[in-house]
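What follows is a set of notes on a single structure, which appears directly below.
Naming: A, B, ... by sequence-line order, numbering from 1 per chain. Only this structure's heavy atoms are used, side chains among them; waters, hydrogens and symmetry mates stay out.
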Amino acid sequence: MSTMKDSTDNPSTKTDVGIVYKKSTGIYTIHAAGRILTCVLSARLRGSLVEAAGSHGHHAAEHLDPLVVGDQVRFIEGQGGMGLIVEILPRRNQFSRRSAISMPTARPHEQVIAANVDQVVPVFAAAEPAPKWNLLDRYLVSAEAAELPALICITKLDLVQDPGGTLQDELADAVAEYRRIGYRVILVSAYSGQGLVEVKEALQGQVSVLLGKSGVGKTSLLNALQPELGLRVNAVSQMTGKGKHTTTTMEMFPLELEYSEPCGAIIDTPGIREFGLWLEDGHDLDWFFPEMRPFISGCRFGLNCQHDEEPGCAVRQAVNAGQIDPHRWKSYLNLRGEA
Amino acid sequence: MTRQSSFILTGWNCETEFRCLQCDGFISAYPRLSGVQNRNHCPYCLWSRHMDLHHPGDRLAACRAKMQPVGLTLKAVRKKYRSSTQGELMLVHVCAECGKVSINRIAADDDPHTILKVLEEPGHLDSYKRQQLVINSIQILRPSDQQIVMAGLLGRIQPGWAG
C-alpha cells in the first residue's frame, strides 16, 4: 500500500471512478466498470478531512469517515483487488437522518444514510410488526426534504388478506390515503409473489434505498426480487413481535432483473428503530407534506402559521373539511414539536 | 420553544397541564389527580376543548374550539339486569364552532356545584344541536332528575347536602 501512497503525489497517476457499494470501518467495497475492489482512504485525503473537521468544529467521526454507500469516488487501483481512494466526488443528493444522541448534553448531527439515490423505498409490513404510519410520515418528509420520490412498499400481504383478497379496513384506508396524496403504494408478498412484478418495474433503472424497521421484510423482498443473492433473513421474535436485526450492514446490490437495460441498484439497510428528522429549517416542515401545500398561503398568519393553535389557519380548516387526513396533520404536529 | 425547554424554563409541562380557554384557570391533566386518562375539560367551569375526533384521547380534531357544557346525561349501559337510569353520569359538551356533540366522563376533581348548575341551567341548544343529540341518542337530564345526579356524584343521596 505504501507504493500507492507515494503515487498520489504524482498528478499523472491513472485514476478511475467507482461507486461505494459497502463500507465497514474504514474499508470500502468499490464497484467500477465491472470490477470489485477493496479500498481505503489515502493518507492525504484523510489528512485534509481531519483539517476540515478541526476548522469547522464538526463531529469528528463524521468527517473522518465521510463516505456512505452510493458515493462516487476517484481511486488508484493497486494489486490484488486493492485500491486507494484519493478523491470524493460531489454528491448529486443525499438522504439523511438526525443522529441519535447518546448523552443528553450531546448535540445531534446529520447522519447521511446513502448518497446519489434516485428514490426512497419505505418498507412496512402489513402485520408482524404492525405498520406505524407516523414512522412512514417521517420517511416521506425526509424524502421530500431531499427532493427524492418515494415508493411505499407494504409487505407480508399474505398475512392480512382474507381468501377473497380483501384488506383489513385500517390498512385499506391508509393505503387509499397515501395514494390520494400522490405517493405510489405497492402491496407485495415475498411469500406468495403477489406484487413482485410491480416492484421490479418500479425499481428498474433506479438506485433505490430500502428503509424500514427491523423485521418488516426488506431483505426478504430483495431475496424475492433476486433469489441468487441468498441474503440471510429471519422471522420476527415470537416473544416481542419485533425483528431480530438480522441485516447489520448497509450494502448496495446491483439489480439484475430479467431486462436487458441497466437495472439500477438497491441499497439494503439494517432495521432503523428511530428515525429523527434532519431539516435545515424547521419552518419548512409543512412544505414537505404535499397535501398541505395548496393551503399554506391561505393562513391568516401566512408562512409564520404553525397550523396548531392559530386562528384563521387554512390547514386546520382543510383538516376539518376532510381535505387533509387528520393523522397526517397530527404527524406534522408531532414532527414540528421535535424540530 | 420545544416542549422540553418550555418545561425546564417555566416548570410548565404541556403534556400534563393546560390552561382553560374559558376561565383561564391552570389545570393539571395528571390522571392520578383527575381519575381520567384524557382530560379535556376544566374542573372549575367545566368548559372543554374539541380535541378528539374518533375516540377519546386520539387528539385528531383540528377544530380546537371551546366546547360548552350544555347538560348532563347518563351513559347507556348494556348490562342486562340494570335499568337505564343507572348508567354513569356524563357531561354533554357541544363545540361552539362546529357543533360537534360529545359526552365526557366527570373527573374526580370536577366542582360538584358547577355540575349541579349545569343541570339546573342547561345551555341553550339550537335546532341543529338538538338534532345532533337525537342522532347520538343523548338524552339531557332535567332539573327534576336531581336525585339521580346526586346519586351519581356522591354515590348515594346525602341528606342535608345543600347542592
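Within residues 135-152 of chain A, no residue has any heavy atom under 4.5 Å from a heavy atom of chain B. Within residues 51-70 of chain B, the residues approaching chain A closer than 4.5 Å by heavy atoms are, in numerical order, B:Leu53, B:Asp58, B:Arg59, B:Leu60, B:Ala61, B:Ala62, B:Cys63, B:Arg64.
When the options B:Arg105, B:Arg39, B:Lys117 are evaluated for a salt bridge (Lys or Arg N to Asp or Glu O under 4.0 Å) with B:Asp110, the one that passes is B:Arg39.
Within the 4.5 Å cutoff, the side chain of A:Arg91 has heavy atoms near those of the A:Val68 side chain. With a 4.5 Å cut-off on side-chain heavy atoms, B:Trp47 and B:Leu21 do not count as touching. With a 4.5 Å cut-off on side-chain heavy atoms, B:Cys45 and B:Cys20 count as touching.
For A:His327, the parts lying near chain B are the backbone and the side chain together; criterion is any non-hydrogen pair under 4.5 Å.
Between the side chains of B:Glu17 and B:Ser28, no donor-acceptor pair of N or O atoms lies under 3.5 Å. A side-chain donor from one of A:Gln306 and A:Arg336 sits under 3.5 Å from a side-chain acceptor of the other.
Ring orientation note: the planes of A:Tyr332 and A:His307 are tilted relative to one another, at an angle of 30° to 60°.
Summarising the geometry, atom OG1 belonging to B:Thr73 is positioned 11.0 Å from atom CG belonging to B:Leu119; distances are rounded to the nearest 0.5 Å. The structure places CD of B:Gln131 at 10.5 Å from CG of B:Asn136, a figure rounded to the nearest 0.5 Å.
Relative to the ring axis of A:Trp287, A:Arg293 places its NZ or CZ within 45° and under 6.0 Å from the centre.
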